Amino acid sequence: MQAWTKPEIPVVPGPARRLRLYDTASAGPVEVPPGTDGPARMYVCGITPYDATHMGHAATYVTFDLINRLWRDAGYEVHYTQNITDVDDPLLERATATGVEWTDLAAREIQLFRDDMTALRVIPPQEYVGVVESIPLVVDQIAELQQAGAVYSVDGDLYFAVKADPAFGSVSNYDADTMRELFAERGGDPDREGKRDPLDALLWLHERPGEPAWDSKLGRGRPGWHIECSAIALKYLGMTIDVQGGGSDLIFPHHEMSASQAQCATGKHPFARAYVHQAMVGLDGEKMSKSKGNLVLVSKERQAGTDPMAIRLALLAHHYRTDWFWTESDLLAAQERLDVWRGAVTRGSGPDGAAAVDALRAALTNDLDTVAALAAIDQWSETNGDDTTAPALVAEAVDALLGIKL
Ligand code: 5CA
Ligand code: ZN
């Protein structure tokens, strides 16, 4: 599938720094990629296209865009893949509820997402891959799992046996009760009769009346959720990737399952060197989510005339590992900051530009500390100095590293 328009990315002079990120699996910092050879490989879970793009989605894709930018700054070639869950229960349910074709709904929301990502200056992935166009790939992946002895059938539906992966559980490190609870909450079916383990995950759902289905050697049906990300990541990036990314709502079961399935299919471990998770953005005391309907949409804000750079700056004002609630004042503060920064980079001179750029790099490579990064640019903007090259240099660095065009 076509991604979206790539923004210009200036090359910033001065020594880059290596990136350290908090890894959910080891509950500590890791340096990714581990060596100096590229490419750096990242897979980020994409949207289920039925109500895009809310500020939580935007926070997630802006966070992983920072990783992309910092890797490029450090001289790595970046290989980035993102999926689109363009066939799944919530999408089909929304289409039925609103009386539209599921394919039309998906196409409309994907286009909206592309436009939002372009406006927010998010660098597109090299491969932007839908599930519908990946059915043969997914089927082959399930067949590999069958060969590994990790698949069984319940009334014609195929399941992944989590016990087949000795490392199952090591992404989230959740206890059994938590896993079961989250599995039930997030699309799983722990109580289905005939399953060997309540946590075993659906790989292939045989055809249901009135639902889309595809012919395959597994029978006529459609893929379960987690296998799409294992299959697409393995096909385009291979083992072992540097970063598996998404929101913290995907830690379990989604990232646990997609990693386990990839590990079982390849016999290699681990699927990713770092599992990186954006904390949840909420509204009025609750997680912002399509199912709850409490959404602030990027597209609506843009239509209302909000500068997309102010939206991006509002998101960056919160550290990615802290849950937060979106409010109108986030946007007002961001617009104010944007005005100050724009004023500062059009001055004839400012404080030491190289020092400001280094402070920006130091903050961002330290587990994406955007709060410190923004403070460094605030300080530079609010101080006078006689470095005449500084305004242009700082504007370039803010563009290349934060993705904010001043
Ligand atoms: N298609 C699947 C992933 S394979 C999915 O979770 N789609 S989604 O549309 O629900 O979410 C898209 C991305 O945004 C995911 O990475 C998800 O973790 C993240 N996300 C969803 N809601 C929020 C939120 N409130 N705050 C932060 N990130 C969120
Ligand atoms: Zn995914």
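Computation of the quantities below employed the complete heavy-atom set of this structure, encompassing side-chain atoms and omitting hydrogens, waters and symmetry-equivalent molecules. Bear in mind that the values here come from a model prediction, so they are computed numbers and not experimental data. For ligands, and for the atoms within them, numbers begin at 1 and follow the listed sequence.
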(request) Identify whether NZ of Lys or CZ of Arg in Arg196 sits under 6.0 Å from the centre of the six-membered ring of Tyr152 and within 45° of that ring's axis. (result) yes
(request) Please answer whether the main-chain N or O of Ala344 pairs with a side-chain N or O of Arg347 as donor and acceptor at a distance below 3.5 Å. (result) yes
(message) What's the separation between atom CG in Leu199 and atom CZ in Phe168, rounded to the nearest 0.5 Å?
(response) 5.0 Å
(message) Contact between ligand 1 and Pro90 is defined here as a heavy atom of the residue under 4.0 Å from a ligand atom; is it met?
(response) no
(message) Applying the side-chain hydrogen bond (donor to acceptor under 3.5 Å, both in side chains) criterion to Ser172, which one of His277, His254, Glu256 satisfies it?
(response) Glu256
(message) So for ligand 1, is Cys229 a polar contact partner (N or O within less than 3.5 Å, distance only)?
(response) no
(message) Under 4.0 Å from a heavy atom of Gly247: which atoms of ligand 1 are those, numbered in the order shown and with their elements?
(response) 16 (O), 17 (C), 18 (O)
(request) Could you pull out, from Thr60, Asn83, Leu250, the option with a heavy atom nearest to atom 19 (C) of ligand 1? (result) Thr60
(message) Below 3.5 Å, N or O to N or O, backbone or side chain included: is there any such pair between Asp249 and ligand 1?
(response) yes
(message) Please list, in number order, the atoms of ligand 1 under 4.0 Å from a heavy atom of His54.
(response) 22 (N), 23 (C), 24 (C), 25 (N)
(request) Output yes if His226 passes the N/O/S-under-2.8 Å test against the Zn ion (ligand 2); output no otherwise. (result) no
(request) Establish, for the pair Arg17 and Trp71, whether the NZ or CZ atom is under 6.0 angstrom from the six-membered ring centre and no further than 45 degrees off its axis. (result) no
(message) Under 3.5 Å between any N/O of Thr48 and any N/O of ligand 1: does that happen in this structure?
(response) yes
(message) When you measure from the centre of the six-membered ring of Tyr22, is the NZ or CZ of Arg321 closer than 6.0 Å and no more than 45° off the axis?
(response) yes
(message) Under 2.8 Å from the Zn ion (ligand 2), is there any N, O or S atom belonging to Cys229?
(response) yes
(message) Within the 4.0 Å heavy-atom shell around Thr85, which atoms of ligand 1 are there?
(response) 1 (N), 2 (C), 4 (S)
(request) Check for a donor-acceptor pair, side chain of Arg337 on one end and backbone N or O of Leu313 on the other, with a separation under 3.5 Å. (result) no
(request) With heavy atoms of Tyr61 as the reference, note each atom of ligand 1 found under 4.0 Å away. (result) 12 (C), 13 (C)
(message) Any atom of ligand 1 sitting under 4.0 Å from a heavy atom of His254?
(response) yes
(request) Answer with yes or no whether Ala59 contacts ligand 1, where contact means a heavy atom under 4.0 Å from a ligand atom. (result) no
(request) Would you check if the side chain of Thr85 reaches a backbone N or O of Thr48 as a donor-acceptor pair within less than 3.5 Å? (result) no
(request) Decide whether an N or O pair under 3.5 Å exists between Val281 and ligand 1. (result) yes
(message) Parallel, tilted or perpendicular: which one describes the rings of Phe113 and Tyr61, with boundaries at 30° and 60°?
(response) perpendicular
